[in-house]
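Presented below is the structure to which this report refers.
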There are 2 protein chains.
Amino acid sequence: MDSDERIIGIKDVAKAANVALATVDRVIHNRAGVSKKTKDKVLKVIEKMGYQPNIMASNLSKSKKIVLGVLLPNISEGSGYWEFPMKGIVKAQKELSQYRIKIKTFTFKQDNNKEIRKKVLELINSDIQGLVLTSKFADEIEILLEDCKEKKRPYVFIDSNVRKIDSLCSIQQPLFESGELAAQLFNYCFNKGEILILHLKDTMDTEGIIGLKEKGMNAYLKEKNNSIVTKSLVITDFNENAINRMLTQTLEENPMIKGVFIPNSKVAYIAKYFEKRAGEKIYLIGYDFFNEDIEYLEKEIIDFLICQRPEEQGYQAVYKLFEHVVLKKEVEKEIIMPLDIITKKNYKYY
Amino acid sequence: MDSDERIIGIKDVAKAANVALATVDRVIHNRAGVSKKTKDKVLKVIEKMGYQPNIMASNLSKSKKIVLGVLLPNISEGSGYWEFPMKGIVKAQKELSQYRIKIKTFTFKQDNNKEIRKKVLELINSDIQGLVLTSKFADEIEILLEDCKEKKRPYVFIDSNVRKIDSLCSIQQPLFESGELAAQLFNYCFNKGEILILHLKDTMDTEGIIGLKEKGMNAYLKEKNNSIVTKSLVITDFNENAINRMLTQTLEENPMIKGVFIPNSKVAYIAKYFEKRAGEKIYLIGYDFFNEDIEYLEKEIIDFLICQRPEEQGYQAVYKLFEHVVLKKEVEKEIIMPLDIITKKNYKYY
DNA sequence: CTGAAAGCGCTTACAG
DNA sequence: CTGAAAGCGCTTACAG
């Protein structure tokens with residue numbers, strides 16, 4: 001049962017090809033300074049013997065560290081979301097520290113363009129060999145991406161890639177489909193009435209994202225061809241009183257509203273309003289799971305949250321860079337995250 | 001910004017403690033043959049210098065392979081589920097192959113006690129240093145677990161640990177809570193009526209599992225104090241005609257049934273019946289996601305599936321054994337999987 | 001273009 | 001109980 005095949009190493013290849021260790025190494029890493037003839041000979045032997053490099057040995061003998069960069073918003077009010085990808089990044093870092101991988105983090109305040117540009121400049125002048133970032137702030141990072149392309153520095157997007165910018169890999173949730181999913185869930189709760197889609201504008205370029213979710217929602221409703229329609233409301237003023245006023249007015253004017261869809265991570269703001277509101281149950285569906293949502297999930301004021309495993313996105317982003325830079329593996333261009341559904345009864349295990 | 005702290009190794013410790021490399025090695029691995037005095041001295045230096053072992057180097061110089069065993073049902077009709085943990089196990093194996101980890105798989109037909117016992121015997125007489133298995137088949141594996149305890153072989157349970165058997169780690173979904181979740185979902189679909197709980201008996205000891213799910217469901221309904229009640233139906237004959245007959249009769253006699261809860265992975269069997277059935281919509285909630293469910297999800301005959309990331313369970317099981325055996329890390333006694341909700345609109349990304 | 005040799009940080013016989 | 005030395009499978013100057 002024990003097939004104790006001897007592991008064949010660079011030494012075996014060298015002997016079989018009748019060359020020195022260093023030559024085999026050069027061929028394996030495609031380094032210059034090997035004649036075509038020798039290279040072919042070695043390649044053939046590698047192929048025939050089924051040589052597999054030993055990463056542990058390789059890393060052990062390597063001297064230089066590999067540094068990866070991370071450019072993300074810092075964790076502050078209004079951008080608490082970024083805590084989760086960061087956790088995943090830190091986890092990956094710990095796991096990979098044995099491989100002499102280091103991570104340099106560059107954070108900035110979301111609406112501070114000057115700070116973003118400063119960090120971009122720091123990154124351009126740094127010695128990183130790979131980069132994790134989000135495709136939001138597209139204008140500010142454009143120059144950084146150009147620089148990366150020139151220097152052949154790989155970069156990975158997390159959280160979104162709405163403008164379809166080229167990258168080593170982009171990791172995101174399917175947006176359109178998440179809108180469909182939300183519609184399906186609403187449809188389980190009621191099959192006649194209106195869904196109010198709230199556009200909570202903040203400074204980020206998220207209209208593209210919200211737009212896709214909205215399209216998905218309408219697509220599902222159309223497909224089911226039933227009596228649910230959507231209605232949009234744009235909120236620009238985040239002041240609590242302003243929100244209350246707008247919602248009260250809208251709900252009074254539209255008594256058929258049975259559900260509210262908040263296509264970003266600001267559900268708790270809105271749930272607060274519904275907690276105090278009397279009248280018939282209105283179903284709430286939002287995105288992403290925060291501590292402040294728990295209270296409203298427990299009271300079933302927030303009914304469903306659609307989540308995208310942000311921690312895993314951060315982890316995967318670093319891991320894919322590692323695979324590319326260290327292991328020289330092929331990396332898939334796109335990783336699509338599952339659409340997780342969170343309710344009162346399963347958030348504890350998420 | 002670059003804190004280029006020199007990594008301190010066994011050599012540095014040896015020099016600082018004024019002993020030989022081998023002695024430091026002995027202390028690190030708690031091997032015999034070191035005087036208390038020397039040991040304390042070395043330990044103190046390790047502590048002070050903050051020495052961290054380099055696993056890559058450690059593994060490279062180790063000669064012997066580590067073999068882990070896996071004892072699970074084979075993949076056949078009626079037990080297709082085990083394909084998923086197996087996938088995770090294979091994934092972990094690939095990732096860990098660099099660490100000289102080998103996995104020996106022992107599979108058996110679920111209802112073949114003789115075969116289980118045979119595999120158990122093989123395992124007892126094997127040279128494995130860790131074991132992945134499920135706590136189902138508790139009677140058959142009892143002797144194996146005793147043997148493991150005696151030999152101090154660690155073992156990890158996946159999929160369930162209803163009888164609360166001791167192990168290095170057990171990985172499972174929260175059963176009671178999954179019943180609550182199912183009840184919550186039904187409650188979104190209707191708020192008056194009956195839920196039929198189907199007990200599809202097969203040869204495995206799964207009554208404990210089903211019982212817990214049922215209790216969770218009733219707990220939620222009671223908590224909500226509304227007008228949904230449950231009703232159980234036991235099916236022992238899996239013949240299609242028999243199922244049809246029993247269901248038709250039950251539904252006729254109980255016109256208030258609005259939902260059917262199938263607390264195991266056999267939903268597709270039941271969905272087949274509902275596909276052909278005329279009459280008012282009856283909601284279906286089941287467990288685990290298989291290819292044969294897709295058709296019924298698409299038609300929204302199956303409404304929700306509650307899933308437990310079986311692939312990740314297999315992966316984690318192997319990984320935890322690896323952490324324990326190779327890295328000598330502390331491993332958590334229990335890993336609770338999230339309760340994933342799958343519908344027509346998100347199964348593609350699961 | 002090619003090779004011999006030292007070294008990465010550990011483990012493992014072997015000698016004392 | 002303790003230590004000196006070889007070796008794990010690679011990479012990296014250095015010499016030719």
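Side-chain atoms are counted along with the backbone in the values below, which use heavy atoms only and exclude waters and symmetry mates. This one's a predicted model, so the numbers in the text were calculated from it and none came from an experiment. Chain naming here is simple, since letters A, B, ... match the order of the sequence lines and numbering starts at 1 in each.
- Atom pair B:Arg26:CZ and D:dG3:C1' shows a separation of 8 Å (rounding to whole Å applied).
- With rounding to whole Å, A:Lys37 atom NZ is found 13 Å from C:dT2 atom C1'.
- Between A:Ile28 atom CD1 and D:dC10 atom C1' there is a gap of 9 Å when expressed in whole angstrom units.
- Taking only side-chain atoms of A:Ser61, from C-beta outward, the nucleotide of D:dC1, D:dG9, C:dG9 with the closest atom is D:dG9.
- In this structure, a donor-acceptor pair under 3.5 Å is absent between the side chains of A:Gln313 and A:Gln172.
- Donor-acceptor pairing under 3.5 Å is recorded for the side chains of A:Gln308 and A:Asp159.
- Of all nucleotides listed (C:dC10, C:dC14, D:dC10), D:dC10 comes nearest to the side chain of A:His29.
- Per the geometry, CD1 belonging to B:Ile8 stands 15 Å off P belonging to C:dC8, to the nearest Å.
- Nearer the 5' end of DNA chain D, as judged by each residue's closest nucleotide, is the contact made by B:Val19, out of A:Asn54 and B:Val19.
- Between B:Ala57 and B:Leu21, the residue whose closest nucleotide on DNA chain D is further toward the 5' end is B:Leu21.
- Following rounding to the nearest Å, A:Lys62 (NZ) and C:dA6 (P) show an atom-to-atom distance of 23 Å.
- Remark: side-chain polar atoms of B:Lys333 are paired, donor with acceptor, to backbone N or O of B:Ser167 under 3.5 angstrom.
- What separates CE of A:Met56 from C1' of D:dC10 is a distance of 12 Å, to the nearest Å.
- Put simply, NZ on A:Lys11 is 15 Å from P on C:dA6, counting in whole angstrom units.
- The separation between B:Asp40 atom CG and D:dC1 atom P is 13 Å, rounded to whole Å.
- Side-chain atoms of B:Ser58 stay outside donor-acceptor range of the base of C:dC10, with no qualifying N/O pair under 3.5 Å.
- A:Tyr315 and A:Glu95 form a side-chain donor-acceptor contact under 3.5 Å, judged by distance and modelled atom types alone.
- With C:dC10, C:dG9, D:dC1 as the candidates, the nucleotide lying closest to the side chain of B:Leu60 is C:dG9.
- The partner of D:dA13 is absent, by the rule that a Watson-Crick or G-U pair needs both atom distances under 3.5 Å.
- Distances were taken from every side-chain heavy atom of A:Ile10 (C-beta onward) to each of D:dT12, D:dC10, D:dG3; the shortest belongs to D:dC10.
- Pair assignment for C:dA4 gives none, since no Watson-Crick or G-U wobble pairing has each distance under 3.5 Å.
- No side-chain donor-acceptor contact under 3.5 Å links B:Asp12 and B:Tyr51.
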